[in-house]
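Read through the structure below, which is laid out as structure tokens, and then see the notes.
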Amino acid sequence: MKKNSNNIRWLFLAFASLTLLLGGLIYSWSILKSPLADEFGWNPTQLALNFTITICCFGIGGLISGFLAKKFSPGIRLMGSALLIFAGFFLASIVDAGSLWLLYISYGLLGGIGIGVLYNTSIATIGEWFPDKKGLASGIMLMCFGFSTLIFGSLAGSLIADPQFGWRKTYLLMGTVMAAVVFVFGLIIRRPAKPVVAPANPAAASGARDYTAAEMLKTATFWKLFIALTLLASIGNVTLSFAKDFAVFTGSVETAAITIVGIMSVCNGLGRLFAGAVYDNMTLRKSQLAISAIMLIAPIIGILAIATVSRSFGILALLMCGFSYGLCPTTSAVYPRLFFGNKNYALNFSITNLTLIPTSFVATLAGAILTATGSYMPVFVLLLALGTIGSASLLLIKKQ
């Protein structure tokens with residue numbers, strides 16, 4: 001690899017990581033929704049629906065980016081993403097009590113699609129520059145995406161609480177800054193003029209033939225991966241939905257519980273980086289075993305925390321669930337390239353990432369179980385069962 005190419009790829013990775021650090025703010029809905037409930041009286045169900053719309057549109061945005069990858073450059077797609085993001089947050093900043101529908105269209109539809117396009121375009125394009133470090137590059141970007149709530153979510157919360165600033169200006173500021181950075185990234189990013197060749201770690205090398213999306217969907221490997229990711233990601237996704245309350249249940253005070261939720265986002269980010277290192281430096285089988293073990297340990301500790309009502313186990317369970325959640329995005333970024341090649345990666349990756357949609361419904365199911373039983377035990381038993389089936393599905397995937 002030429003020195004100039006090596007330097008510019010790290011520059012592109014740094015810029016992509018910054019844009020995803022900003023883009024991950026869309027996951028800070030638990031912070032951003034509070035002033036809307038207070039000012040307009042919208043109930044938790046109405047506000048929860050907005051987040052469901054956001055996650056679904058996030059997956060759809062990635063799919064749109066994948067379909068457009070062969071017709072439009074990464075720069076064009078990113079600039080389009082910037083416009084959608086700005087429009088979404090600007091319109092969200094002017095909603096009123098009678099325009100809940102506008103929140104769904106702005107933050108949910110436009111913001112979700114815009115950030116989905118950003119996510120897919122960044123990961124797919126940067127991956128082409130790092131054939132030798134696919135896991136590391138994906139892990140760094142996804143770690144930044146996961147850290148967003150801790151960094152910018154906290155900042156947004158402070159600005160919203162400031163009477164001189166408020167939530168409307170916060171929404172507008174966030175949308176403007178995010179859109180500007182993404183737009184500038186769109187101006188400088190490009191795909192390699194020719195495939196980058198670098199000394200590759202045998203464990204990370206693909207060697208897969210290039211599958212079209214239709215061909216990929218016909219393989220057993222894809223469906224094993226889709227099932228595995230859906231079930232394994234549910235462990236962290238479900239736990240995040242009640243993390244603060246669970247921490248209090250197991251003995252943490254209110255202020256400590258809030259801090260624990262913040263640390264969970266750090267563990268989420270570290271899990272993404274850890275998975276990248278695992279995929280770059282271990283054989284496929286060893287990486288699958290390592291990830292499966294973590295996925296099973298997390299809910300088991302949760303069960304122990306409930307059985308003993310132990311604060312220590314409760315904290316450890318939440319941190320492990322957060323860490324396990326971080327393993328899934330990197331897995332969904334690495335496997336499509338490893339098994340289905342580089343040529344159609346953008347579209348294949350976007351299809352794989354649609355696991356976000358069924359995973360969100362697992363969280364809804366778990367919430368219903370918790371409401372019906374009043375106990376966390378059946379929820380964590382469910383998570384252990386999902387982790388067992390998901391791990392088995394992952395372990396059934398073999399290198400072609």
Side-chain angles (χ1 to χ4, degrees), residues 15-40 42 47 49-62 64-65 74-97 99-122 141 144-189 265:
F15 221 124
S17 298
L18 174 60
T19 61
L20 289 173
L21 183 64
L22 289 164
L25 184 64
I26 204 165
Y27 276 102
S28 300
W29 182 238
S30 61
I31 296 171
L32 301 177
K33 71 180 181 179
S34 297
L36 305 181
D38 295 338
E39 184 168 334
F40 303 135
W42 292 336
L47 293 172
L49 177 58
N50 183 61
F51 189 64
T52 300
I53 293 171
T54 303
I55 296 303
C56 291
C57 289
F58 174 81
I60 292 170
I64 291 171
S65 177
I76 294 295
R77 283 179 282 149
L78 285 171
M79 287 186 275
S81 165
L83 294 175
L84 287 170
I85 291 169
F86 177 77
F89 278 84
F90 168 73
L91 292 173
S93 74
I94 63 173
V95 299
D96 57 35
S99 59
L100 178 61
W101 60 269
L102 182 57
L103 178 69
Y104 295 158
I105 291 174
S106 58
Y107 190 100
L109 178 66
L110 297 178
I113 291 176
I115 292 177
V117 172
L118 163 65
Y119 183 90
N120 177 273
T121 304
S122 299
M141 289 185 286
C144 290
F145 198 68
F147 276 179
S148 182
T149 297
L150 181 67
I151 300 172
F152 290 109
S154 299
L155 175 61
S158 298
L159 291 175
I160 289 171
D162 184 349
Q164 301 300 316
F165 210 81
W167 69 269
R168 293 187 187 275
K169 290 182 179 178
T170 300
Y171 272 53
L172 184 58
L173 176 64
M174 290 188 306
T176 302
V177 172
M178 196 186 311
V181 173
V182 174
F183 194 88
V184 172
F185 184 37
L187 292 175
I188 67 170
I189 188 62
S265 72

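Index from 1, following the sequence. Heavy-atom basis, side chains included; hydrogens, waters and symmetry copies ignored. In this text the structure is predicted, and so the values were computed from the model without any measurement.
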Item checked: Inter- and intrachain pairs under salt bridge (charged side-chain N to carboxylate O under 4.0 Å, His left out), touching residues 148-168, at least two apart -> E39-R168
What distance separates [X] [atom1] from [Y] [atom2], expressed to the nearest 0.5 Å?
X: I64; Y: R77; atom1: CD1; atom2: CZ; value: 12.0 Å
X: S148; Y: L20; atom1: OG; atom2: CG; value: 9.5 Å
X: F145; Y: S17; atom1: CZ; atom2: OG; value: 12.5 Å
X: I94; Y: S99; atom1: CD1; atom2: OG; value: 8.0 Å

Notebook entry, point to check: Got more than 12 heavy atoms from elsewhere within 6.0 Å of CZ, F90?
Noted result: no
Non-hydrogen side-chain atoms of [X] and [Y] separated by less than 4.5 Å:
X: M174; Y: L159; result: no
X: L36; Y: Y171; result: yes
X: T176; Y: F86; result: yes
X: F185; Y: V181; result: no

Side-chain donor-acceptor distances from residues 49-58 under 3.5 Å, at least two apart:
from	atom 1	to	atom 2	distance (Å)
T52	OG1	A48	O	3.3
T54	OG1	N50	O	2.8

Next item on the list: Would you please name every residue forming a side-chain hydrogen bond (donor to acceptor under 3.5 Å, both in side chains) with S81, sequence neighbours left out?
Entry: none
Notebook entry, point to check: Counting N and O atoms only, with roles assigned by atom type, does the side chain of W29 sit under 3.5 Å from a partner on the main chain of L47, one being a donor and the other an acceptor?
Noted result: yes
Next item on the list: Give a yes or no on whether the backbone of L103 and the side-chain of S106 come within a donor-acceptor separation of less than 3.5 Å.
Entry: yes
Checklist line | Candidate list I85, I26, L118, test side chain to side chain contact (heavy atoms under 4.5 Å, CB included), partner M178, passing option | finding: I85
